[in-house]
Each structure stands twice: as structure tokens, then as C-alpha cells.
There are 2 protein chains.
Amino acid sequence: MATDRTTATIHDVAALAGVSTSSVSNVLNGRTDKLSAQTWSRVEDAIRTLSFSPNRVARQLKTGHTPMLGLLVPSTANPMYGQLALNIEAAAQRRFNYRLLLGNTHRDKQQEARMFDDLLSFGVRAVIVISSLDDERHLEKAVSRGLAVVSYDRGAGGDTHSRVDHMSPDNYQAGYLAADHLISHGHRQLAFLLPHGKTVSRGEKIEGFRERVSLCPGASYSASVVEGQVSEAFGDSELADLGFAMASQVAALRPMPTGIVTVNDMLAIGLMSGLTRLGLRVPEDVSVIGMDGLQVSGFVNPGLTSVAMPLAEMADAMVERAIQRSTNPDLPPSDFLFQPVLIARQSVAAPARARKTATTL
Amino acid sequence: MATDRTTATIHDVAALAGVSTSSVSNVLNGRTDKLSAQTWSRVEDAIRTLSFSPNRVARQLKTGHTPMLGLLVPSTANPMYGQLALNIEAAAQRRFNYRLLLGNTHRDKQQEARMFDDLLSFGVRAVIVISSLDDERHLEKAVSRGLAVVSYDRGAGGDTHSRVDHMSPDNYQAGYLAADHLISHGHRQLAFLLPHGKTVSRGEKIEGFRERVSLCPGASYSASVVEGQVSEAFGDSELADLGFAMASQVAALRPMPTGIVTVNDMLAIGLMSGLTRLGLRVPEDVSVIGMDGLQVSGFVNPGLTSVAMPLAEMADAMVERAIQRSTNPDLPPSDFLFQPVLIARQSVAAPARARKTATTL
DNA sequence: ATGAAAGCGCTAACAG
DNA sequence: CTGTTAGCGCTTTCAT
């Protein structure tokens, strides 16, 4: 039961096996050609009896590598990023035996920069960042300092000099699909909801949404973009609260929209709750569609129709890319787009046109 | 724009400032008494102009310390652990400037053990574990190897030899509160729902639940404990699915319970959804109460009544304890219990007794 | 007040 | 095939 503070080192193993430390090192690194089968197993035995495990810190100091991947998300309290973190951790672990260093940034550029500093000082060389802030200069700076950066949730935005990899769901397509779903259910008064502060991904979603609406002939269409006014008060951890609060903003719109797209599921979930509180029924009075495809969205009432992002695939691709690039910084930067898929549930139905205008007057 | 692969070292700083490396080191470590104000500022200047940042790996190799905290959760896809991770990361960062190494264990002892190995090999000396597995021997082993272990979600269980700290919401109290809430609303047929596989915390919750029920006089009470039968298929990432699936198990119970307590919120959310699908109304036909106090629970329909755990406080306490103990392993192990609080929402109402038995026959 | 020197545990030439 | 050796970048006695 005594705490044995001292762990065995490569020297202990070498001594016990009666070989030099380099031979032990060679065993550790699987260089089968450098040892006779004899010595090899002697070393292995010694390793086992001492239950020796190499000190990664020492190894890292020497090699400059460490099997660790940074992950920066706005907030793990948003289930979207919780799921993402799970998938990324699994991919890193399973495929590369990498561990995850996690940071919550709240989309704050300062925090992101601080985290980059720390990652670098820990010797971490690969990081996946979900920020989608307009300005990616701090990412480029991190690249200059030796980090392999994979940016999630935004395209490169035509920046051909970028040395960060971009992997993202096709946000434009997501916006398009959402609008399309509503329109094909007969909705003509649409709205798009987002928190205060436009990120790149939000902009892309809005574009797709608008594009689909603009394809509709006639002046009977309306499509408003509603930005949360309560700015500071709500961050990525309180999106549902924000959605709830925004219900009254929505209800005050004229013409009152019959179909609403939100930039993400938590916002939609909060919105539905707020709408219900206001006496509006979903989907009878107003249809709602979210984006993310959260697990929990299938279990709220009514089930939330949502544009789902292919999480597992993306996680795999991002991890692979980040780690590859950290090994080989000269890879040409990539710009991948993954296709989202609409999951239809109960929160969208055909609008009840006549009644709507009648009652709201 | 060139990638400057080489970062400044303490030698570069020393050279530029015209001092020895030890002086630079002394500046880095704030030993103001060891330098003249003169030299001090010369060194500081050099540090600034080289934008030098000390290599933590080298430092760690020397000192054996690294500002990193391990966190092992069942799955960050469960918002409970997403929120926990957020709070823990914030506390570690804010109060100690520590970073977080995250691992998802799926309550698998092998995974936990592997993670301990890795933490140790990375030189991490403090870890917070949410596992609440019956058997904590692997935790004690980790302690022996030099890890400061804080276990979440279970008491020490009377093990006086334990050298791991235990911090937990008062699960017994949580179970008690939940049953009490139902009973005081007039419910007499109660059930407690949990996934397959009893963890310590689940057992504690059940005990509290049972205790409160046993306080009721008369034979008119029934209290069943329903364990998910679908075992393997559902993990901590799919609790809502499990709850959904368990709705039929619940509906088949005779007498059919009018009030149901679930071991956590995601299970309750799934259950309510499944119940609704079965044509049962919550809370008119059956009341549901969860445990966790997730943010999203306030936004499902009906709002989920839940026993909330004091996340932020606990996160603070756990981080503090873990880091303190990693510095001073001889601290007597603690066993803290935090008090949960019931948040009443719409998922609990008085039972409609007569109707119930009539219709289900 | 400042510097020289010895390592922390490992890897990787380079010799033998 | 196997051993010797020189560091990786930092901290820390111990002299000066």
C-alpha cells in the first residue's frame, strides 16, 4: 500500500536485462532489426517485470512530438460540441493513440490565442478549432509558430494563402435545405433566427436560406433574418435561453412567419418552448426547423426537424488531417465540405394560412 | 509568412541579455531576490523582444510537474458531462492556470486504466474521474503510482483506507427529494428507472427513493425499480433512446405507476417522449421527475422537474482538491457531499387516480 | 548578485 | 547486433 513515488526508467530496464539503454529504446520503438530475438525478449521481460512505461515527457523533449491533440470548442455545455468532442476524442484515440487537450473558448479570440500559446508550450502540434470568427489571422499566426490548425465550421472563404485546413458541413446547403423543406410544406412567410453576432458559418447558412427563398416566384414571400438582441447576456452555453427569449421577437414580426429556421438546435429548442409559452402551437401555428441534428432534438415535444451534420465522418476527417499535417506541415491546405442531411420530425407541418392572419390581427 | 520552426530558448535570452541561463530561469520563476533590478529588466527586455515562452516540457522533465488536469467522464455526449467539463475546465483555468486532458470512458474500467497510464506517462498528477463503478481498486492503484484522484458521484462507501477523494452530490438525498415531491403531489404508485447496470450512485439514489416511500403508512403504496433490459445496446451517449425504449416497460407495469423517478435527466427526456408516443400524457396520466438539472430540461415540453446537482460548486471543489492533493499527497482523503435542489416544472402534477385504473383495464 | 555544471529520461547518430 | 555519447530546454545546487 506504500506509495512508490519512483517509476522505473529505461536505465533500470537496461540494467535488469543486462543491455544498454539504446537497446531498450530500440525495443520501445519496435526496431526489430536492431536486436537479436534473444536480447529482444530479455528486454521485454525486464520491461514487464518492472512494469516499465516510457516517460513521454523525456521522449517528447527529445523528439519534439507528443501524441496529443488540441480541441477548442465554444462550449461543451452545448450538446453539439459535447458530441463533437466525443467523436473527436474517439477518433484520435482509436486511430492514432492520441489524447485530447480540451479548451472552451466562448468564441473569444483572446482565449483562443492563449490556448494556442499553451498548446505550443506543451509541445502540442495539432489542433482542431471551432470558432468560425470572421478573422482568422490568429490562426495563421499559430500556424507560423508550428501548429497544424484545422478549422471547423467555415470554408476558407477564398483565402488562397491560408495555411490552415478547413473542414465544415456545407452550411450554405444546410440553409438551403431548411428553407426548401419549409417552402415545400407550403410556407411563404419565413424567418431565420440567430444569436447576436454573425460568424462565418451563420452567414453561409443565411445565404443558402435566402437563395432558396429567392427561387420562389411572386411577391407573396417574406423572409426575415432575426438576430438576437440580448447580445452579451447569452453565450454558447445558453442558446436555449436565448431561443426562449427570442420567441417574443418572432411573435412580434409582421407578417408573422409561419416557418422558422434557426441556426442551431439548441436555439430551436428554446424557441419552441418560448413559442409554446406564448400560446402558439408548434407545428400547428408555426413550424420550426433547427440545424445540428442533436440527439436530444429527437426527444423534445414536438420532435425537432433538423438539418443534421455528419459528425462522425467529420470528426474522423479532422483528426486525420490535423495529425497528418502536424507530421508534414507542407501538405497543401484542404477545404472540405460535408453534406448535411435533413431529418424530418414533427416540428414542421403545412401552415394554416387563413386562420393565422385572422387571429393575429 | 515563413514558418519559423525554431522557438527561442532560455539560452537565446541569456545571450541577448548578456547573463547566464540561471538568471533567466530566476526571472522566469519570479525570484526577485536573486537579481538586481538592473539585470532583471535587461532579461525581461530580452524575453520580450524574442517573445520567448519557456518550454513546459523541459521544465516538466526537470520538476516533474505540469499544469494539466485529467478529466474522465462517461461521455461528453451526455449534456450533464458536457456541462461538468465546461465548469471544471473553467475552474482549472481560472484558479490554477491548469489545462484539461479529457477522456471519455463509457464507464469501462479498461479505458479508465489505460487513461491513467497515459496520464502518468504524460506526467499529469491530478485527475477527476466520474465512474462510480462498484470497484475502485483501479483508482487506488493509480494513487499508488502517484496520481491524485478525485472520484465524482459516489461516496467513499465506508472504505476508510481509501486514498482517493470523494466528492459527490448527495445521491441519497436526491432520491429522497424526488420521491418526496411525487408523494406530496399525491402519488402512491411510484417507480424508479435506471439503465442496466447499477453504479454506486444509482444505488444511493434508489436507497433514498425507497426510504422516502417507506415512510408512508399503509399498503396502498407501490414502488418498483425498473432496470433497462436492453443492456449493451445503450451507453451513456444514448440515454434518451433508452428512456424512449423503456416507456413500454413502464406502461406494462401493474399497478401502472403514476409517478416516475429517473436516475438522470436524459433518461427522463427519452421516457417522456416514449410515453407520449404511447398515448400517455405527461403529467396528466403520469408524472416524471429526473435528476441532474440539465439546462435543456427546462425547455422540453412539458418542462422536466428535476433534482439539480450544484455543478459549479462541485467543479470548483473538485479541481481545488485534485490540484492540492497532487502537490501534497499526504492530505487526509476527504468525502464531501453536496446538496441537490429540486427544480419544479411541469412534468409533475397530481395523479388522476380513478381514471387511470379504469382506462388501463 | 551571478555563473558553471549536473542532470531530468529519453532518442539517435556513430562506433565498434 | 550492441554500446557510448551527446544532447532536447529547463531548474537547481554550489561556487564565486
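Chain A is the first sequence line, chain B the second, and so forth, proteins listed ahead of strands; every chain is numbered from 1.
Annotation: the terminal axes of the helix from C:dA1-D:dT16 to C:dG16-D:dC1 meet at 40°, where each axis is the rotation carrying the C1' atoms of four end pairs onto the next four (5 pairs per end, rounded to 10°).
Comparing D:dC1, C:dA1, D:dC10 against the side chain of A:Thr39 picks out D:dC1 as the nearest. Among the nucleotides C:dG9, D:dT11, D:dT4, the one closest to any side-chain atom of B:Thr63 is D:dT11. Here the nucleotide nearest the side chain of A:Ser25, chosen from D:dC10, D:dG3, C:dT11, is C:dT11. Across D:dC10, D:dC8, C:dC10, the shortest atom-to-atom separation from the side chain of A:Leu61 is found for D:dC8. Out of D:dT2, C:dT11, D:dT11, the shortest distance to the side chain of B:Arg59 is found at D:dT11.
One can place CG of B:Asn26 at 14 Å from P of C:dA4, the figure rounded to the nearest angstrom.
Side chains of A:Thr39 and A:Ser36: a donor-acceptor N/O pair is present below 3.5 angstrom, by distance only. Side-chain polar atoms of A:Glu136 and A:Ser151 form a donor-acceptor pair below 3.5 angstrom. Counting only N and O atoms by type, the side chains of A:Asp153 and A:Ser201 include a donor and acceptor under 3.5 Å apart.
Each of B:Ser23 and A:His11 was matched to the nucleotide of DNA chain C holding its nearest heavy atom; the match closer to the 5' end belongs to B:Ser23. Where B:Pro54 and B:Lys34 each meet DNA chain D at their nearest nucleotide, the meeting point lying more 5' is that of B:Pro54.
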Taking only nitrogen or oxygen atoms into account, show me every contact under 3.5 Å that the protein makes with nucleotides 5-7 of chain C, one pair per line with its distance.
residue: C:dG7; atom: N2; partner: B:Lys62; partner atom: NZ; Å: 3.3
residue: C:dG7; atom: N3; partner: B:Lys62; partner atom: NZ; Å: 3.2

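At a threshold of 4.0 Å, the pair B:Arg94-B:Asp316 counts as salt-bridged, since one of the basic side-chain nitrogens sits closer than that to a carboxylate oxygen.
When side chains are defined from C-beta on, B:Asp117 does not count as touching A:Ser53, because their heavy atoms never get closer than 4.5 Å.
Judged by distance alone, with hydrogens and angles left aside, the side-chain atoms of A:Thr76 form a donor-acceptor pair with the main-chain N or O of B:Gly82 at under 3.5 Å.
Taking 4.0 angstrom as the limit, B:Asn55 places none of its side-chain polar atoms (N or O) nearer than this to OP1 or OP2 of D:dC8.
Using a 4.0 Å heavy-atom cutoff across all strands shown, A:Val19 reaches sugar-phosphate atoms only and no base atom.
For the side chain to side chain donor-acceptor pair (under 3.5 Å) criterion with B:Glu112, the lone passing option out of B:His106, B:Arg107, B:His138 is B:His138.
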